[in-house]
Amino acid sequence: MTVQSTELEAQLEAIRLEAQQALIEASSLDQLEQLRVKYLGKKGPIPLVLGGMGKLDPSDRPRIGARANEVKEAIQSELDQRRTALQYAKLQAQLESETLDVSMPGVYRSQGRIHPLNTIMDRVNDIFVGLGYTVAEGPEMETDHYNFEALNFLPDHPARDMQDTLFLPDGNILRTHTSSVQIRYMEANEPPIRIIIPGRCYRRDTVDATHTAVFHQIEFLAIDEGLTFTDMKGTVRLFLEQLFGEVAIRMRPSFFPFTEPSAEVDMEWKGRWLEIMGCGMVDPNVLKAVGYDPEVYTGFAGGMGVERLAAVLYQIDDIRRFYTSDSRFLEQF
Ligand code: DAH
């Protein structure tokens, strides 16, 4: 039985069509490799067709052989094209999945921040450091000597009651103001002195919108030859203007055991006079208590509440908010 060459040609054409269709549909490089083995491998359909050539008329054989090669090449070329296309697509997908979209919203991680009271203390320190002062600190647990006696509080003076003191069982106290550090510093140093003293203080106060039992003060102290009330006034004005901007200030006579004369400083803020600090010329008795000669040295000092400064600057109506650790409040600063 002879085989018609046209029949083999039709078979080859069918193989080509089938292979091309399968290659077009292949969606991965793995599938392509499987199709290559299937259609171009030694056990593929083309050698099978060529196996039938023995039954052909010899004159038809070269044509069928050539046709088989054309089909192989067509499949091979389709395969190469598809491989290139799939490789490109794969690379493209990879590039897309690995791109960094800089316009995407960021991942929010909440950050810690500086507590408003610390911010105020830092700012005040910076202003005074700019005027040549250095920062001094002292203990929060104090003796009667540093907190009162050396600051010219007489034993039965009512000013001691003014500062409701917390006494510890051992007779020590929690300092009621940062003025105690003035004494400690002057005892350990010789004039000229320019220090700024930030720190925590304690009083047996009933807690309300403007009082807390734990609070902060900042004290400044300057001792030198020839310092006058005018120097103090200039320093206070310069400081308040740096912190609050252009503000009018006035001084009213007042009393503190450790200064003579003493003054309250008021600042004009939102149309009202606001008491912002106490100050005065260091009392000669205080200078004597630390072994300075009041005939040679004079000086001035002042103290202010940090909660008060912060409440004014940030328009806080209740200073207890500074201590409640409510992040909705704190994260506003
Ligand atoms: N120690 C005072 C207080 O707690 C504040 C103060 C007033 C400090 C006048 C001073 C000063 O150094 O000169 O109320």
Side-chain angles (χ1 to χ4, degrees), residues 121 124-125 128 131 133 135-140 142 144-154 157-166 173-186 193-205 210-224 227-237 239-240 249-267 274-287 289-290 292 294 297-309 319:
M121 284 195 277
V124 173
N125 289 346
F128 275 96
L131 294 172
Y133 287 64
V135 177
E137 287 179 307
E140 292 170 23
E142 267 300 4
D144 182 86
H145 173 77
Y146 287 112
N147 197 82
F148 292 121
E149 202 186 326
L151 284 161
N152 199 34
F153 284 80
L154 296 173
H157 197 283
R160 292 194 182 215
D161 302 335
M162 237 163 72
Q163 305 197 351
D164 290 306
T165 310
L166 289 160
I173 61 170
L174 293 175
R175 69 178 178 194
T176 59
H177 52 183
T178 43
S179 305
S180 53
V181 185
Q182 288 189 18
I183 304 300
R184 290 182 172 273
Y185 193 88
M186 286 192 283
I193 284 171
R194 278 172 183 72
I195 51 168
I196 180 92
I197 309 157
R200 190 167 293 161
C201 306
Y202 304 83
R203 287 190 200 178
R204 204 167 48 80
D205 264 330
T210 53
H211 297 84
T212 50
V214 181
F215 61 101
H216 298 77
Q217 280 191 346
I218 305 181
E219 186 102 4
F220 55 90
L221 171 72
I223 309 282
D224 208 337
L227 285 183
T228 66
F229 197 95
T230 315
D231 295 314
M232 176 175 75
K233 199 170 175 186
T235 304
V236 166
R237 172 189 296 283
F239 159 69
L240 289 175
I249 63 166
R250 72 179 184 191
M251 287 188 172
R252 285 181 288 120
S254 183
F255 171 79
F256 298 103
F258 36 89
T259 46
E260 183 60 37
S262 305
E264 297 288 348
V265 180
D266 295 341
M267 175 181 90
L274 207 75
E275 190 176 310
I276 206 75
M277 67 167 82
C279 63
M281 301 305 290
V282 177
D283 194 292
N285 286 341
V286 172
L287 297 176
V290 297
Y292 292 177
Y297 296 109
T298 54
F300 57 81
M304 60 203 120
V306 179
E307 283 76 1
R308 183 65 184 275
L309 295 179
I319 65 168

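Atoms within a ligand are numbered from 1 in the order they appear, just like the ligands themselves. In this text the structure is predicted, and so the values were computed from the model without any measurement.
- Residue Val282 comes nearest to Leu287 through the heavy atom pair CG1-CD2, 3.9 Å, listed as atom of the first residue, atom of the second, then distance.
- The main-chain N or O of Asp164 is never found under 3.5 Å from a side-chain atom of Arg204 such that the two would form a donor-acceptor pair.
- Between His177 and ligand 1, at least one pair of N/O atoms sits closer than 3.5 Å.
- Within the 4.0 Å heavy-atom cutoff, Gln217 counts among the residues contacting ligand 1.
- Each of the atoms 13 (O) of ligand 1 lies under 4.0 Å from some heavy atom of Thr259.
- For the ligand labelled ligand 1, residue Gln182 lies inside the 4.0 Å heavy-atom shell.
- Leu240 places a side-chain heavy atom less than 4.5 Å from the side chain of Val265.
- Residue Thr176 places no N or O, backbone or side chain, under 3.5 Å from any N or O of ligand 1.
- Here the shortest heavy-atom pairing between Asn147 and His177 reads O-NE2, 2.9 Å.
- Under a 4.0 Å N-O distance rule, the pair Glu275/Arg252 qualifies as a salt bridge.
- The residue Met304 has no part lying near ligand 1, judged by heavy-atom distances below 4.0 Å.
- Contact annotation for Ser179 and ligand 1: only side-chain heavy atoms (C-beta onward) come within less than 4.0 Å of the ligand.
- By the 4.0 Å heavy-atom criterion, Arg203 is counted among the residues contacting ligand 1.
- The closest approach between any non-hydrogen atom of Phe300 and ligand 1 is not below 4.0 Å.
- Close approach of ligand 1 to Gly280 (heavy-atom distance below 4.0 Å) involves ligand atoms 13 (O).
- Near Cys279, with a cut-off below 4.0 Å to any heavy atom, the atoms of ligand 1 are 9 (C), 11 (C), 13 (O).
- Aromatic rings of Phe128 and Phe220 (six-membered ring for Trp) have centroids within the 6.0 Å cut-off, being under it.
- In Phe258, the part holding a heavy atom less than 4.0 Å from any atom of ligand 1 is the side chain.
- With contacts defined as side-chain heavy-atom distances shorter than 4.5 Å, the pair Arg194/Asp224 qualifies.
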Report the C-alpha distance between Thr235 and Phe300 in whole Å, list the side-chain angles of each, state the deciding distance to 0.1 Å, and finish with yes or no for side-chain contact (heavy atoms from CB on, under 4.5 Å). CA-CA 10 Å; Thr235 304; Phe300 57 81; 3.6 Å; yes
Please walk me through it: do Glu137 and Val181 pass side-chain contact (heavy atoms from CB on, under 4.5 Å)? CA-CA 7 Å; Glu137 287 179 307; Val181 185; 5.8 Å; no
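- Counting heavy atoms only, Ala301 comes closest to atom 13 (O) of ligand 1 of the residues Gly305, Ala301, Gly278.
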